[in-house]
Amino acid sequence: MIDYTSTCFKAWYPLPMPPDDPARARILDAAQELLDLRAGPLRLADVAVRAGLSRASLYRRFADRQALLDALQAERGVAAGEPGLDLRRTILAGAREAFNASGLGGATMDDVASRAGVGVASVYRHFEDKAGLLRALLADFEIDALAGQLEAASSAPLEAFLRLAARGIIAFFLDNRFALVMVVDPSDATREIVASARETSALRLTPALTAALAERLRAGEIVADEDPRELAAALVGLCIAAVALTPATVDDPDAAARRVARRFTRAIARRVPVAATGRRAT
């Protein structure tokens with residue numbers, strides 16, 4: 001999956017942390033301990049809890065999961081491999097290709113195995129059925145990473161914050177075009193899967209955005225008569241439209257995210273300075 005979100009996060013957050021930063025050491029300690037426990041794939045939310053830090057503190061030091069794994073290997077010689085994870089990722093990549101090419105109804109487990117280059121028995125060992133594959137694909141997008149980056153971006157100008165969110169949403173739907181149909185017009189067969197995946201997948205982004213926009217509404221950056229829930233849903237809708245209706249988005253998703261953020265900011269931002277935060281609506 002293309003990590004547009006981390007690129008945007010690094011672009012607006014330029015402050016380097018000192019190499020002897022104690023919080024950074026705690027994060028590395030926690031990540032190493034979790035890897036030693038072999039408790040499954042390393043999740044940044046779990047690392048933050050174990051380190052006793054907020055997700056924002058973690059993401060100010062490591063923009064994404066790979067950055068943390070790279071630091072562990074470079075600074076502590078800790079191998080980043082996780083048993084069974086590579087094969088699972090290979091199968092999910094094959095499933096993504098199959099679902100994008102043939103749709104949810106047309107793709108079969110044999111198609112997934114063929115595209116992943118593995119035996120169909122391997123697919124069934126990791127995922128009970130196609131519904132399980134679909135749930136895993138939706139959960140594969142690291143919503144905790146994006147949510148943490150949005151939290152860390154709380155001091156960014158409104159447009160930069162919205163651009164960060166738009167990048168993440170666009171990246172998800174570019175990689176998972178089959179999800180466009182699921183979200184816009186889910187069938188009876190997929191509606192239950194979407195509902196069950198909502199707690200652990202990119203579909204959880206709307207509640208995360210709602211909370212972030214509500215905070216900016218309280219800070220006076222957004223016009224007072226707006227509903228944060230409706231704003232979050234509208235932002236997701238604009239991003240879906242950019243992917244589904246604008247071919248240029250594939251070639252330049254960064255530009256698409258900028259356009260979405262700029263237009264959205266013009267529609268919702270207050271036009272007066274905000275003394276309480278020291279930020280001015282853009």
Side-chain angles (χ1 to χ4, degrees), residues 1-13 56 59 63 141-177 179-180 182-184 198 201-274 276-282:
M1 185 174 67
I2 303 170
D3 193 359
Y4 304 116
T5 309
S6 294
T7 303
C8 181
F9 179 76
K10 293 169 186 173
W12 79 260
Y13 194 84
Y59 284 104
F141 181 76
E142 291 193 5
I143 180 61
D144 285 331
L146 179 55
Q149 289 170 5
L150 290 177
E151 184 179 347
S154 60
S155 62
L158 178 61
E159 186 171 334
F161 171 83
L162 292 172
R163 186 168 68 248
L164 177 66
R167 276 174 177 258
I169 300 167
I170 288 172
F172 172 77
F173 284 109
L174 281 176
D175 280 346
N176 303 280
R177 287 180 173 273
L180 290 172
M182 289 180 59
V183 172
V184 175
R198 198 174 294 272
S201 75
L203 301 178
R204 270 204 302 121
L205 184 57
T206 301
L209 272 175
T210 298
L213 290 169
E215 178 60 33
R216 288 183 178 258
L217 178 64
R218 286 190 291 269
E221 294 184 67
I222 297 173
V223 290
D225 60 347
E226 295 288 359
D227 183 331
R229 289 171 297 183
E230 294 179 0
L231 289 178
L235 181 60
V236 173
L238 282 176
C239 293
I240 289 175
V243 173
L245 304 177
T246 310
T249 299
V250 176
D251 298 323
D252 196 348
D254 184 36
R258 287 198 303 270
R259 287 193 297 271
V260 167
R262 183 171 60 250
R263 291 165 183 167
F264 207 72
T265 302
R266 289 174 180 171
I268 70 170
R270 287 188 60 190
R271 302 299 173 184
V272 296
V274 182
T277 63
R279 296 194 295 264
R280 181 187 296 268
T282 56

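These numbers come from a predicted model, not from an experiment.
- In this structure the side chain of Phe264 never reaches within 4.5 angstrom of the side chain of Glu159, judged on heavy atoms.
- The structure places CD of Glu215 at 9.5 Å from CG of Leu217, a figure rounded to the nearest 0.5 Å.
- Side-chain contact between Glu221 and Arg270: absent, with no pair of heavy atoms (C-beta onward) separated by less than 4.5 Å.
- At a threshold of 4.5 Å between non-hydrogen side-chain atoms, the residues Val243 and Arg177 count as touching.
- Annotation for Cys239 and Ile170: closest pair CB-CG1, 3.9 Å, computed over non-hydrogen atoms.
- The CD1 atom of Ile268 lies 5.5 Å from the CG atom of Leu162; values are rounded to the nearest 0.5 Å.
- Judged as a side-chain contact (heavy atoms from CB on, under 4.5 Å), and not counting sequence neighbours, the contacts of Ala214 are Arg218, Pro228.
- Using a 4.5 Å cut-off on side-chain heavy atoms (C-beta onward), Leu213 and Asp227 make no contact.
- To the nearest 0.5 Å, atom CG of residue Leu158 and atom CD1 of residue Ile222 are 5.5 Å apart.
- Rounding to the nearest 0.5 angstrom, the gap separating the CG atom in Leu235 from the OG1 atom in Thr210 is 10.0 Å.
- Of all the heavy atoms in Arg216 and Pro157, the pair that sits closest is NH1-C, 4.0 Å.
- Of all heavy-atom pairs between Val260 and Ala166, the closest is CG1-CB, 4.2 Å.
- The CZ atom of Phe161 sits 6.0 Å away from atom CG of Leu209, with the distance rounded to the nearest 0.5 Å.
- Between Glu226 and Glu230, every side-chain heavy-atom pair lies at or beyond the 4.5 Å cut-off.
- To the nearest 0.5 Å, the span separating OG1 on Thr246 from CG on Asp252 amounts to 12.0 Å.
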